[in-house]
Asker: 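Please see the structure below; I have some questions.
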Number of protein chains: 2
Amino acid sequence: MALTREQLVDAAVGVLSEFGLADLSMRRLARELDVQVGALYWHVKSKQELLVDVAAKLLDSVPRPNVPTPELAPMSIAALLRQLRSALIAVPDSAEVMQLAQSMRPESLDPMGWLLEFLSIAGVPEADATYARHVLVNHLLGSIASHQEAVALSAGTEPGTVSTEWEEAAFDYGVRVILQGLALEHPPVV
Amino acid sequence: MALTREQLVDAAVGVLSEFGLADLSMRRLARELDVQVGALYWHVKSKQELLVDVAAKLLDSVPRPNVPTPELAPMSIAALLRQLRSALIAVPDSAEVMQLAQSMRPESLDPMGWLLEFLSIAGVPEADATYARHVLVNHLLGSIASHQEAVALSAGTEPGTVSTEWEEAAFDYGVRVILQGLALEHPPVV
DNA sequence: ACCTGAACACCGTTCAAGT
DNA sequence: ACCTGAACACCGTTCAAGT
């Protein structure tokens, strides 16, 4: 049976999750899928295009939340950000991959659309909503990136030494600060 | 005269500024400096180590601001962030390089220390200041990264088409939101 | 339609050996 | 102390040719 684009994307997600972006080469994927490198280029135009699909797949596990009322919108936003974080935090270099996808094909990332919608519902003026989302997404991806660089660096030393607690506290703190700065009442810490 | 580590770092900053991280290879630097590749590894332990030095050099142009009074601290923070932004915005992939340096050798980046200091002066509790800095730095580097990916993508199409205005407005908006969320009075837009 | 084989133009890092 | 020469083990992308 012929190779499909889906199999290719799945293989890429697998390698990324287990070994990180540095090991995610077209040649390695070809080896893993028992084809020649050139075969991959029949299914995707470039490695970049493949990574955009990988990014979308990483967010597949994040369910679309119910549309909240204005009072509940800030809590929904915080909850959605937490979901995005937990979908990405265990995948090495996921922040980098997401950033690429965001600038190459933002419409392929559904949850980012929801975020904008909820900000509007929460009362952020139309003109500011896109800015506001940027601040939140920068915080999300930034937090993930520094967590993962910390993990990567501590890989040499004793394992399991990265304080997950600190990272999570820092993340939640940031979300609260930003929502508060947007003049949305910040949700209680869950 | 023998090659120095400084010359190596300067050459790296040059290539990064002109051509970006993808073109910043050890082999290219060697060519540019008229030595064999191996020679570079007498001066630096690895490419990563070189990039940490590059990151520090990129911030050399940012002067240490005077230590502000508590009332002026929020304005100093906003001003410092603007300075950092303008030192980095024109250098392709600078956000990526900074993120690496931050996690590998944070103490090599003086302005990050100043930021922490000013947050304290502004009245952010000791326990929160590091979190707060993270939020601000995530915003700074995130804004720069998305600006630069936009520039990179539009390089194929008509040039000069990236709305610098929008990016700057988004950046300032974010800084205001965060400072306000920290319960510091946000400074007037300068 | 889908893939192979082979090439092109590259990488980072190491290290014996030279001066 | 500082560098060369050469090797090792890789990259992404293209494309004629095969089935």
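A quick note: this is a predicted structure, and the numbers were derived from the prediction, not measured. Each chain gets a letter, A, B and so on, in the order its sequence line appears, and its residues count up from 1.
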Asker: How long is the line joining CG of Asp23(A) and P of dG12(C), in whole Å?
Answerer: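 Atom CG in Asp23(A) sits about 16 Å away from atom P in dG12(C).
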
Asker: Please evaluate residues Arg133(A) and Glu117(A) with respect to the criterion salt bridge (charged side-chain N to carboxylate O under 4.0 Å, His left out), reporting the C-alpha separation (whole Å), side-chain torsions for both, the decisive distance (0.1 Å), and the verdict.
Answerer: CA-CA 10 Å; Arg133(A) 179 177 58 175; Glu117(A) 193 184 333; over 6 Å; no

Asker: Determine the Euclidean distance between corresponding C1' atoms of dC3(D) and dC15(C); express it in Å to zero decimal places.
Answerer: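 About 12 Å, rounded to a whole number of Å.
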
Asker: Taking the nucleotide of DNA chain D with the closest heavy atom to each, which residue, Gly38(A) or Ser25(A), is nearer the 5' end?
Answerer: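 Mapping each residue to its closest nucleotide by heavy atoms, the 5'-most match is Ser25(A).
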
Asker: Would you say that Val175(A) contacts Arg82(A) through its side chain, given a criterion of any heavy-atom pair below 4.5 Å between the two side chains?
Answerer: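 No. Closest side-chain heavy atoms not under 4.5 Å.
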
Asker: Within the 4.0 Å heavy-atom criterion, would you say Ala2(A) contacts the bases, only the backbone, or no part of the nucleic acid?
Answerer: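 Result for Ala2(A) = sugar-phosphate.
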
Asker: Could Arg85(A) and Glu167(A) be called an ion pair, given the rule that one side-chain N must be under 4.0 Å from one carboxylate O?
Answerer: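 Looking at Glu167(A) together with Arg85(A), the answer is no, because their closest N to O distance does not fall below 4.0 Å.
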
Asker: For Tyr41(B) and dT14(C), is the shortest distance between a side-chain N/O and OP1 or OP2 below 4.0 Å?
Answerer: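 Negative; the distance criterion is not met.
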
Asker: What's the closest nucleotide to the Val37(B) side chain, out of dT13(C), dT4(D), dT13(D)?
Answerer: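 Closest of the options to the side chain of Val37(B): dT13(C).
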
Asker: Show, in sequence, the C-alpha distance, side-chain angles and deciding distance for Ser146(A) and Gln102(B), and conclude whether the side chain to side chain donor-acceptor pair (under 3.5 Å) test is met.
Answerer: CA-CA 8 Å; Ser146(A) 39; Gln102(B) 265 226 304; over 6 Å; no

Asker: Could you give the CG-to-C1' distance, from Leu40(B) to dT4(D), as a whole number of Å?
Answerer: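 Going from CG in Leu40(B) over to C1' in dT4(D) covers 12 Å.
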
Asker: Could you tell me whether Glu107(A) atom CD has more than 12 heavy atoms of other residues or ligands within 6.0 Å of it?
Answerer: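 It does: Glu107(A) CD has more than 12 such atoms within range.
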
Asker: Taking the minimum atom-to-atom distance to the side chain of Gln36(A), which one of dG5(C), dT4(D), dT13(C) wins?
Answerer: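 Ranking dG5(C), dT4(D), dT13(C) by closest atom to the Gln36(A) side chain puts dG5(C) first.
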
Asker: I'd like the P distance from dA9(D) over to dA9(C), given in whole Å.
Answerer: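 To the nearest whole Å, 24 Å.
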
Asker: When you measure from the side chain of Trp42(B), which nucleotide among dT4(D), dA1(C), dC2(D) comes out closest?
Answerer: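 That would be dC2(D).
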
Asker: Within this structure, what is the NZ-to-C1' distance between Lys45(A) and dC15(D), rounded to whole angstrom?
Answerer: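 Checked: the NZ to C1' distance equals 17 Å.
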
Asker: Provide, to the nearest angstrom, the distance between the CG atom belonging to Asp34(A) and the P atom belonging to dC2(C).
Answerer: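 It is 19 Å, rounded to the nearest whole Å.
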
Asker: Return the nucleotide paired to dC3(D): Watson-Crick means purine N1 to pyrimidine N3 with N6-O4 or O6-N4, wobble means G-U with N1-O2 and O6-N3, both under 3.5 Å.
Answerer: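 For dC3(D), the partner nucleotide comes out as none, under the 3.5 Å rule.
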
Asker: Hey, does Val177(A) have a side-chain heavy atom less than 4.5 Å from the side chain of Asp128(B)?
Answerer: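 With C-beta onward as the side chain, the pair stays apart.
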
Asker: Would you mind reading off the distance between Met26(B) atom CE and dA6(D) atom P, rounded to a whole angstrom?
Answerer: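 Answer to the nearest Å: 20 Å.
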
Asker: Counting only Watson-Crick pairs (N1-N3 plus N6-O4 or O6-N4) and G-U wobbles (N1-O2, O6-N3), all under 3.5 Å, who is the partner of dG12(D)?
Answerer: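 The base-pairing partner of dG12(D), which may sit in any strand shown, is dC8(C).
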
Asker: Using whole Å, what does the distance between atom C1' of nucleotide dC2(D) and atom CG of Leu33(B) come to?
Answerer: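 Whole-Å distance recorded here is 14 Å.
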
Asker: Below 4.0 angstrom from OP1 or OP2 of dC11(C), is there any side-chain N or O of Arg31(B)?
Answerer: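 Yes, because at least one side-chain N or O of Arg31(B) sits under 4.0 Å from OP1 or OP2 of dC11(C).
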
Asker: Closest to the Arg27(A) side chain: dT13(C), dC3(C), dA7(C)?
Answerer: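 Of the options given, the side chain of Arg27(A) lies nearest dA7(C).
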
Asker: Paired with dA17(D) by Watson-Crick or G-U wobble geometry, both distances under 3.5 Å: which nucleotide is it?
Answerer: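 The base-pairing partner of dA17(D), which may sit in any strand shown, does not exist here.
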
Asker: Output the rounded distance in Å from CG (Leu3(B)) to C1' (dT4(D)).
Answerer: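 That distance rounds to 14 Å.
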
Asker: Relative to the 5' end of DNA chain C, which residue comes earlier, His43(A) or Lys47(B), by the nucleotide with the nearest heavy atom?
Answerer: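 The answer here is His43(A).
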
